[in-house]
Each structure stands twice: as structure tokens, then as C-alpha cells.
Amino acid sequence: MISYRSIRRGLEAFLPFVGQEVLDLRKEAEGDSSFSSIKEDNTIVTKADELSENLIRNWIQGQFPFDGIRGEELEKKDGDTARTWIIDPIDGTYNFNSFGKRFGISVGVVEEGTSQCGVIHYPAEEITLSASQKGGAFLNKVPLMVAEGSKDLNQALILGQAHPFPDDERFRENNKKQLPLLKRVRNEDLDWCYVASFRKFLFGHASAILHCGATPYDITGVVAIAKELNLFISDYDGKALDFSKDIISIVISKYKRLHYQILEILNSKR
């Protein structure tokens, strides 16, 4: 039987190596106009994204050859087991490409629709967040503690923002749902890196974080960590997250009552 605790430890050891490889490649490629390009969906990809995903895929396939793999940059691999690994080789590519520090590498493992393990490594800051089902959550292998926020919706700080492409049909409905909430509560914008925003949520005084149009790559590792911290997680309809979708709405809250208050506003008739 697979041990998610051992997978977590393996990823904790391996992802810093991947992180150093992408930092080295970025340094070598300074001034290289071919280092980054624009994908069909108008997002940026770099040679380092591809290197990162290839390294992680090779590591997975070497140890778990029958598992499925879904990565942001390369073709999906169907597996013969109930497990699927979901890879974001670099979340925050714009910041990474601009030689910033706010980016991360995220790997999560989903089994039977549940995120069982997640590891997020922030290469430029040498920080790793990790968790495995019933195995705890950690910051650089030390038990992770979450900062408190306000339990009062009227005083709470929420991380979230109107979607920058509100007319895109993939985001339109959930973007409309969240606008009354964002108008009512104190809020701050997400970074152009969801795993960076998640870390800000954990260690700052925000009480909730939401995203109307996340991808499975953005959130699979995040959700594994949030679960082990006993945070409250759902989509905008209050349902369990479906990692098979391409676009997923997500709310993570530090307090149960606050979570339900947020859902009530998201689903109120307008």
C-alpha cells in the first residue's frame, strides 16, 4: 500500500533540486529572447517550465510507472491506478521570467477525487510547504502554524479579486458570483502566483482566500496542505472540488462560520 508520508518526504527532498535547476537555467538564459514564449491561451511559458515538468515527470515515472500524470505544459498521461499526479512546474511564470522571487513549483497527488499529498517549493526563497493525508502539514519540515484572522465577516480580510478577463465564458459566472462579496468585505488582490497568495493567506491575517477561475495545477498541492491544517475548502457552490475539471472555483477559509457566510453571499440571488 502506498505511503503518502513517504511520497511527501521524497518530494520535499527532490523539488529543491528541481528549483535549483530552473534558477540556474534562468541565469544562463539572461538575454536569450527564445527563453520565453506565448502559448495559445496567451499565457507565458519558459524553457524552465518545460525543464521543471520533465524532471518531475521522470522522477514520478521512475517510482510510480503506472500512475497517471497531468502537467500544465506537457500531454496528459493516463494511468492504470487510481492515482493522478498534478504538476504546476512554475506557478508565477511572469514573475519568474522577470527575475522576481514570487514563484513556486507545486506537485499534488489525487486519489479517488481527493488531494492526498501536496508539496510546494519556492526556489528563490528556499521555502517548502508540504502535507500528506493524516500526516500533518509542514514548513521546511517543521510543523506549520497558521496565523489567525478575524472571524467577523465585516472585519475580515479576504484575498481575492475580480477576474481580469470577466467576459471569458470560463470565468464569467463565478466572477459575477463573487463581485457582491468583494464589494462588501475588505479585500486584497491575489498575486499573479496562486501559491504565493496561499502562503500570504496562511501566515498573514487574511481570513479567507478565493479564486473564481483556478486550474487544477494551481490548487492541488494547496488543497492537500489546507486539509491537513483543518481549513474549510469548497467551490463557490459549497461542493467538494472536482480536480478533473480544467477550471475550478475555490474558497479556503480559516473559520467554519465565516466560510458559510461567504458561500451564502456567493450564492445569494442578485
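Keep in mind that this is a model prediction, so the values were computed, not measured.
- Relative ring orientation between His163 and Phe171 is described as parallel, the plane-to-plane angle staying below 30° on a 0-90° scale split at 30° and 60°.
- We find the CD1-CZ distance between Ile90 and Arg26 to be 8.5 Å, quoted to the nearest 0.5 Å.
- The backbone N or O of Ile127 lies less than 3.5 Å from a partner atom in the side chain of His121, making a donor-acceptor pair.
- Note that CE of Met145 is 11.5 Å distant from CG of Leu139, once rounded to the nearest 0.5 Å.
- Ion pairing between Asp168 and Arg170 holds under the 4.0 Å rule for side-chain N and carboxylate O.
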Evaluate the side chain to side chain contact (heavy atoms under 4.5 Å, CB included) criterion for residues Leu153 and Arg184: first the C-alpha distance (whole Å), next the side-chain angles of each, then the deciding distance (0.1 Å), finally the verdict. CA-CA 9 Å; Leu153 180 66; Arg184 174 174 171 176; 3.9 Å; yes

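- Of all heavy-atom pairs spanning Pro123 and Leu23, the tightest one is O-CD1, 3.8 Å.
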May I have the step-by-step check of side chain to side chain contact (heavy atoms under 4.5 Å, CB included) for Lys254 and Leu231, ending in yes or no? CA-CA 5 Å; Lys254 292 177 179 176; Leu231 302 179; 4.2 Å; yes

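- With Thr93 as the fixed residue, the side chain to side chain donor-acceptor pair (under 3.5 Å) test singles out one of Asp49, Asp88, Thr43: Asp49.
- In the hydrophobic clustering of ILVMFWY residues, with side-chain heavy atoms under 4.5 Å counting as a link, Leu229 and Val222 come out together.
- Between Leu202 and Phe198, the closest side-chain pair of non-hydrogen atoms falls below 4.5 Å.
- Within a 6.0 Å sphere centred on CD of Glu264, heavy atoms belonging to other residues, nucleotides or ligands number 12 at most.
- Considering all non-hydrogen atoms of both residues, Pro143 and Phe138 come closest at N-CD2, 3.7 Å.
- Leu144 and Tyr255 fall into different hydrophobic clusters, where Ile, Leu, Val, Met, Phe, Trp and Tyr are joined by side-chain heavy atoms under 4.5 Å apart, directly or via other members.
- Using modelled atom types, one side-chain atom of Glu53 and one backbone atom of Glu73 make a donor-acceptor pair closer than 3.5 Å.
- At distances below 3.5 Å, not a single donor-acceptor pair connects side-chain atoms of Thr220 with backbone N or O atoms of Gly108.
- Within a 6.0 Å radius of CZ in Phe203, more than 12 heavy atoms belonging to other residues, nucleotides or ligands are found.
- A distance-only check finds no donor-acceptor pair linking the side chain of Lys151 to the backbone of Ala156 [under 3.5 Å].
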For Ile120 and Ile105: C-alpha separation, side-chain torsions, deciding distance, then whether side chain to side chain contact (heavy atoms under 4.5 Å, CB included) applies. CA-CA 6 Å; Ile120 305 168; Ile105 299 168; over 6 Å; no

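- Under the 4.5 Å side-chain heavy-atom criterion for grouping Ile, Leu, Val, Met, Phe, Trp and Tyr, Leu129 is not connected to Ile56 through any hydrophobic cluster.
- A 4.5 Å side-chain heavy-atom check between Tyr236 and Leu210 finds at least one atom pair inside the cut-off.
- Side-chain contact check for Lys177 and Asn267: at least one donor-acceptor pair (N or O, by modelled atom type) lies under 3.5 Å.
- In the model, Gln178 has no side-chain atom that pairs as donor or acceptor with a side-chain atom of Asn174 under 3.5 Å.
- Annotation: side chain to side chain contact (heavy atoms under 4.5 Å, CB included) contacts of Ile233 (sequence neighbours excluded): Val223, Ala226, Lys227, Leu241, Ile250, Ile252.
- Between Leu190 and Ile209, the closest side-chain pair of non-hydrogen atoms falls below 4.5 Å.
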Given the rule in the side-chain hydrogen bond (donor to acceptor under 3.5 Å, both in side chains) test, do Asn54 and Glu50 qualify, once you have shown the distances and angles that lead to the verdict? CA-CA 6 Å; Asn54 273 313; Glu50 296 163 357; over 6 Å; no

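- Between the side chains of Asp91 and Ser106, no donor N or O sits under 3.5 Å from an acceptor N or O.
- The heavy-atom pair separating Ile262 from Ser253 by the smallest distance is CD1-OG, 3.9 Å.
- For the 3.5 Å distance criterion, the side chains of Asp152 and Ser150 fail to qualify, holding no donor opposite an acceptor.
- For Lys47, the NZ atom sits in a packed shell: over 12 heavy atoms of surrounding residues, nucleotides or ligands are nearer than 6.0 Å.
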Applying side chain to side chain contact (heavy atoms under 4.5 Å, CB included), run through Leu258 and Gln261 and close with a yes or a no. CA-CA 5 Å; Leu258 181 75; Gln261 287 178 315; 3.9 Å; yes

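- Between Asn58 and Gln61 there is a side-chain heavy-atom pair separated by less than 4.5 Å.
- Between Ile219 atom CD1 and Ser249 atom OG the span is 8.5 Å, to the nearest 0.5 Å.
- Between Arg8 and Glu12 there is a salt bridge, since a side-chain N of the basic residue sits under 4.0 Å from a carboxylate O of the acidic one.
- Classified by interplanar angle (parallel below 30°, tilted 30° to 60°, perpendicular above 60°), the ring pair Phe232/His259 is tilted.
- For the pair Arg5/Lys134, no side-chain contact is recorded, criterion being any heavy-atom separation below 4.5 Å from C-beta on.
- Side-chain contact between Asn97 and Tyr94 is absent, with no heavy-atom pair separated by less than 4.5 Å.
- A single hydrophobic cluster is not seen to contain both Ile225 and Trp85; linkage of ILVMFWY side chains at heavy-atom distances under 4.5 Å, directly or through other members, places them apart.
- The shortest side-chain heavy-atom distance between Lys245 and Thr215 does not fall under the 4.5 Å cut-off.
- If you take SG on Cys212 and CG on Leu181, they are separated by 12.0 Å, rounding to the nearest 0.5 Å.
- The cationic atom of Lys27 (NZ for Lys, CZ for Arg) does not lie both less than 6.0 Å from the six-membered ring centre of Phe99 and within 45° of the ring axis.
- Considering all non-hydrogen atoms of both residues, Ala131 and Ala224 come closest at CB-O, 3.7 Å.
- Although no hydrogens or angles enter the test, the distance criterion places no donor-acceptor pair under 3.5 Å between the side chain of Glu72 and the main chain of Ile87.
- Under 4.0 Å is where a charged nitrogen must lie from a carboxylate oxygen, and between Arg70 and Asp246 at least one such pair does.
- Looking at every heavy atom in both residues, Gly92 comes nearest to Cys193 through CA-CB, 3.7 Å.
- Look at Arg83 and Glu112 and you find no salt bridge, because none of the NZ, NE, NH1 or NH2 atoms lies under 4.0 Å from a carboxylate O.
- Looking only at distances, a side-chain donor or acceptor of Asn187 sits under 3.5 Å from a matching main-chain atom of Val185.
- In this structure, CD1 on Ile158 lies 7.5 Å from OG on Ser207, to the nearest 0.5 angstrom.
- For the pair Tyr217 and Ile86, the minimum side-chain heavy-atom distance is below 4.5 Å.
- Few gaps surround NZ on Lys39; more than 12 heavy atoms of other groups in view lie less than 6.0 Å from it.
- A side chain to side chain donor-acceptor pair (under 3.5 Å) check over residues 189-199, counting only residues at least two apart or in different chains, returns the pairs Arg102-Asp191, Glu125-Arg199.
- Minimum heavy-atom separation, Ile248 to Pro216: CD1-CG, 4.0 Å.
- Linking Ile, Leu, Val, Met, Phe, Trp and Tyr residues whenever their side-chain heavy atoms come within less than 4.5 Å places Phe17 and Phe103 in a single cluster.
- The CZ atom of Phe64 sits 11.0 Å away from atom CD1 of Ile69, with the distance rounded to the nearest 0.5 Å.
- Judged by distance alone, the side chain of Thr46 and the main-chain N or O of Ala48 form a donor-acceptor pair under 3.5 Å.
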